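Shown next, in structure tokens, is the structure this report addresses.
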Amino acid sequence: MDTAPRGRRRTITAFVAALCCGLAAAPVAHAAFGDRTLKRGSRGHDVRVLQSWLTHLGVRTAVDGIFGAGTERRLKTFERRQRWRVDGKLTPRDARKMRELMAQRFGANDLRTTEPAAGRQVFLGARRKPSLEVAVFQPGPVTVEVVRADSGEVVDVVTSEAPAAGPHTVAWDGFVGKKPAPEAVYYLRLAGESLARAAAAEGERFSFRHHKFPVRGKHSYGDDNARFGSARDGHAHQGQDVFAECGTNVVAAQGGKVIYSGYHSAAGNYIVIRGAGSGEDYVYMHLERPSRFKTGATVSTGRSIGTVGDTGNARGCHLHFELWSAPGWYEGGEPYDPYRRLRAWDRCC
């Protein structure tokens, strides 16, 4: 992964994807829900939130981000049911009341899940990056905004240089400055002033994740003896064992640089990867065969690095997984219990 400093506006390498040319996209409002009065003619993410919430509150409304006659009629229907003033407009005060209704029905912590569903998962450091396909009218810079779906906040701006008119794709690497963007649902959209047109006002929503669960098959976490800190001959267990059949695929939980790849009489075949996003080290032991990735190589998140085995001092087929804080594995860092993080990745990714 590219580790060069990243600014809020950056030029990245673009790649070509088929898309028909068209007219320039109209500017889209960036306001978060409740920041402004919504009425006929309003456009943007906050209009999408209104339309989605009307549907969840019993007034089915198309979600397209455009406050037209249909949205106005449905808002008036909702206002009548709530015995609010019926004018087809949603003021910031109305938005607060609507948020309270949503919280009562769905719970305050679940408001974001009531917006249009996220599409595919996208992983920090993976080969496949979130992107927006556009049609470019003339050579020059194409600017795309990265928008957090639950708040409407623009978290990053990416500028890609289009070499010629025609189809063009702008991709986002998942970083905001030098740090990974928070895990959340995002979408990409063209900036208001751009020499291009996108196929839609907003790109596909995607769930952005920092990690992928490493064991890609049926598995278990064993008993207390498999846990971090359990007693061993002359030392304590420094990782968590994940049991699976020998030959089960093992992938990089987070991509980065291979710090070490080799064999040890106790660890068996193992590999250590320094996460490009976290700066921590991820250690995978007892692999069935030596990993094809050697010391110094770069690995993408989700890339296969080997298979579950029982090499070295192992009792049964399992992955011994360790997490080391920065500055890293036997370089001043410390191992810590990875169990909760593994379980979290297991549930989602």
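Just so you know, these numbers come straight off a predicted model, no measurement behind them. What's counted below: heavy atoms across the whole structure, side chains too, no hydrogens, waters or symmetry copies.
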Margin query: ring-ring contact (aromatic ring centres under 6.0 Å, His included), that's the test. Do Tyr336 and Trp324 meet it? Break it down for me.
Written below: CA-CA 6 Å; Tyr336 66 92; Trp324 285 66; 9.6 Å; no
Next item on the list: For the pair Ile305 and Val299, evaluate side-chain contact (heavy atoms from CB on, under 4.5 Å) and give the outcome as yes or no after the intermediate values.
Entry: CA-CA 8 Å; Ile305 55 174; Val299 182; 3.9 Å; yes
Next item on the list: Tell me, with the steps shown, if Arg81 and Val59 meet side-chain contact (heavy atoms from CB on, under 4.5 Å).
Entry: CA-CA 10 Å; Arg81 291 181 183 180; Val59 182; 3.5 Å; yes
Margin query: Run Val147 and Tyr186 through side-chain contact (heavy atoms from CB on, under 4.5 Å) and show every step you take.
Written below: CA-CA 5 Å; Val147 185; Tyr186 296 93; over 6 Å; no
Next item on the list: Run the numbers on Leu57 and Met98 for side-chain contact (heavy atoms from CB on, under 4.5 Å), then give the verdict.
Entry: CA-CA 9 Å; Leu57 291 170; Met98 197 172 191; 4.0 Å; yes
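Remark: Lys97 qualifies as a cation-pi partner of Trp84 under the 6.0 Å distance and 45° angle criteria applied to the six-membered ring.
Taking CD of Glu288 as the start and OG1 of Thr307 as the end, the distance is 4.0 Å to the nearest 0.5 Å. Taking CD of Glu133 as the start and CD of Glu204 as the end, the distance is 10.5 Å to the nearest 0.5 Å. Here Arg274 contributes atom CZ and Trp329 contributes atom CH2; the two are 10.0 Å apart, rounded to the nearest 0.5 Å. Rounding to the nearest 0.5 Å gives a distance of 9.0 Å between CD of Gln238 and CD of Glu334. Note that CZ of Arg40 is 4.5 Å distant from CD of Glu72, once rounded to the nearest 0.5 Å. Note: Leu319 CG to Asp241 CG = 8.0 Å, rounded to the nearest 0.5 Å.
The two residues Ala326 and Gly279 make their nearest non-hydrogen contact at CB-O, 3.7 Å. In terms of heavy atoms, Pro335 sits closest to Phe228 at O-CZ, 3.7 Å. Across all their heavy atoms, Ala244 and Val215 have their closest contact at CB-CG1, 3.9 Å. Summarising the geometry of Gly229 relative to Ala236, their closest heavy-atom pair is O-CB, 4.0 Å, with the distance given to 0.1 Å. When all heavy atoms are compared, the tightest approach of Gly34 to Ala95 is CA-CB, 3.7 Å. The two residues Gly277 and Pro180 come nearest to each other via the heavy atoms O-CG, 3.6 Å.
In this structure, the side chains of Gln82 and Phe78 come closer than 4.5 Å at one or more pairs of heavy atoms. Looking at Asp173 and Lys129, their side chains come closer than 4.5 Å, going by heavy atoms from C-beta outward. Side-chain contact between Val142 and Val136 is present, with at least one heavy-atom pair separated by less than 4.5 Å. With a 4.5 Å cut-off on side-chain heavy atoms, Leu124 and Gln254 count as touching. The side-chain heavy atoms of Val47 and Leu38, taken from C-beta on, include a pair separated by under 4.5 Å. Side-chain contact between Pro163 and His168 is present, with at least one heavy-atom pair separated by less than 4.5 Å. You'll find the side chain of Thr143 stays beyond 4.5 Å of the side chain of Leu190, heavy atoms only. Taking the side chain as every heavy atom from C-beta outward, Arg127 and Thr301 never approach each other to under 4.5 Å.
Using a 4.0 Å cut-off between a side-chain N of Lys or Arg and a carboxylate O of Asp or Glu, Glu280 and Arg341 qualify as a salt bridge. Taking the charged nitrogens against the carboxylate oxygens, Asp150 and Arg148 do have a contact shorter than 4.0 Å, which makes a salt bridge. Between Arg227 and Asp337, at least one side-chain N (NZ, or NE/NH1/NH2) sits under 4.0 Å from a carboxylate O, which counts as a salt bridge. At a threshold of 4.0 Å, the pair Arg189-Glu145 counts as salt-bridged, since one of the basic side-chain nitrogens sits closer than that to a carboxylate oxygen. Using a 4.0 Å cut-off between charged nitrogen and carboxylate oxygen, Asp46 and Arg36 count as a salt-bridge pair. Look at Glu79 and Lys89 and you find no salt bridge, because none of the NZ, NE, NH1 or NH2 atoms lies under 4.0 Å from a carboxylate O.
Using a 30° and 60° split on the angle between ring planes, Phe206 and Trp172 fall in the tilted class, from 30° to 60°. Classification of the His318-Phe243 ring pair by plane angle, with boundaries at 30° and 60°, yields tilted. Ring orientation note: the planes of Tyr260 and Tyr270 are tilted relative to one another, at an angle of 30° to 60°. Note: Tyr221 and Tyr339 have perpendicular aromatic rings, judged against thresholds of 30 and 60 degrees for the angle between ring planes. Under the 30°/60° scheme for interplanar angles, the aromatic rings of Tyr282 and His211 are found to be tilted. Note: Trp345 and Phe321 have perpendicular aromatic rings, judged against thresholds of 30 and 60 degrees for the angle between ring planes.
Shown here are the salt bridge (charged side-chain N to carboxylate O under 4.0 Å, His left out) partners of Arg343, two or more places apart in sequence or in another chain: there are none.
A donor-acceptor distance shorter than 3.5 angstrom exists from the side chain of His235 to the backbone of Asp233, with no hydrogens or angles considered. Of the possible donor and acceptor atoms, none in the side chain of Thr61 sits under 3.5 Å from a partner among the backbone N and O of Leu54. Between the side chain of Gln121 and the backbone N or O of Cys348 there is at least one donor-acceptor pair closer than 3.5 Å. At distances below 3.5 Å, at least one donor-acceptor pair connects side-chain atoms of His286 with backbone N or O atoms of Ala267.
No more than 12 heavy-atom neighbours from other residues, nucleotides or ligands sit within 6.0 angstrom of CZ on Arg128. Residue-environment remark: CG (Asp224) stays at or below the threshold of 12 foreign heavy atoms within 6.0 Å.
A side-chain donor from one of Arg232 and Ser230 sits under 3.5 Å from a side-chain acceptor of the other. Side chains of Thr71 and Gln51: a donor-acceptor N/O pair is present below 3.5 angstrom, by distance only.
Hydrophobic clustering (ILVMFWY, side-chain heavy atoms < 4.5 Å, transitive): Val251 and Ile271 are in distinct clusters. Residues Leu101 and Leu50 fall within the same hydrophobic cluster, defined by Ile, Leu, Val, Met, Phe, Trp and Tyr side chains chained together at heavy-atom separations under 4.5 Å. Val49 and Ile66 fall into different hydrophobic clusters, where Ile, Leu, Val, Met, Phe, Trp and Tyr are joined by side-chain heavy atoms under 4.5 Å apart, directly or via other members. There is a path of hydrophobic side-chain contacts, each under 4.5 Å, that joins Val158 to Leu188. Residues Phe175 and Leu132 share a single hydrophobic cluster, defined by chaining ILVMFWY side chains whose heavy atoms lie under 4.5 Å apart.
Contacts classified as disulfide bond (SG atoms under 2.5 Å apart) and involving residues 291-329 (residues at least two apart or in different chains) are given here: Cys246-Cys317.
Of the candidates Val258, Thr298, Ile273, Phe293 forms a side-chain contact (heavy atoms from CB on, under 4.5 Å) with just one, namely Val258.
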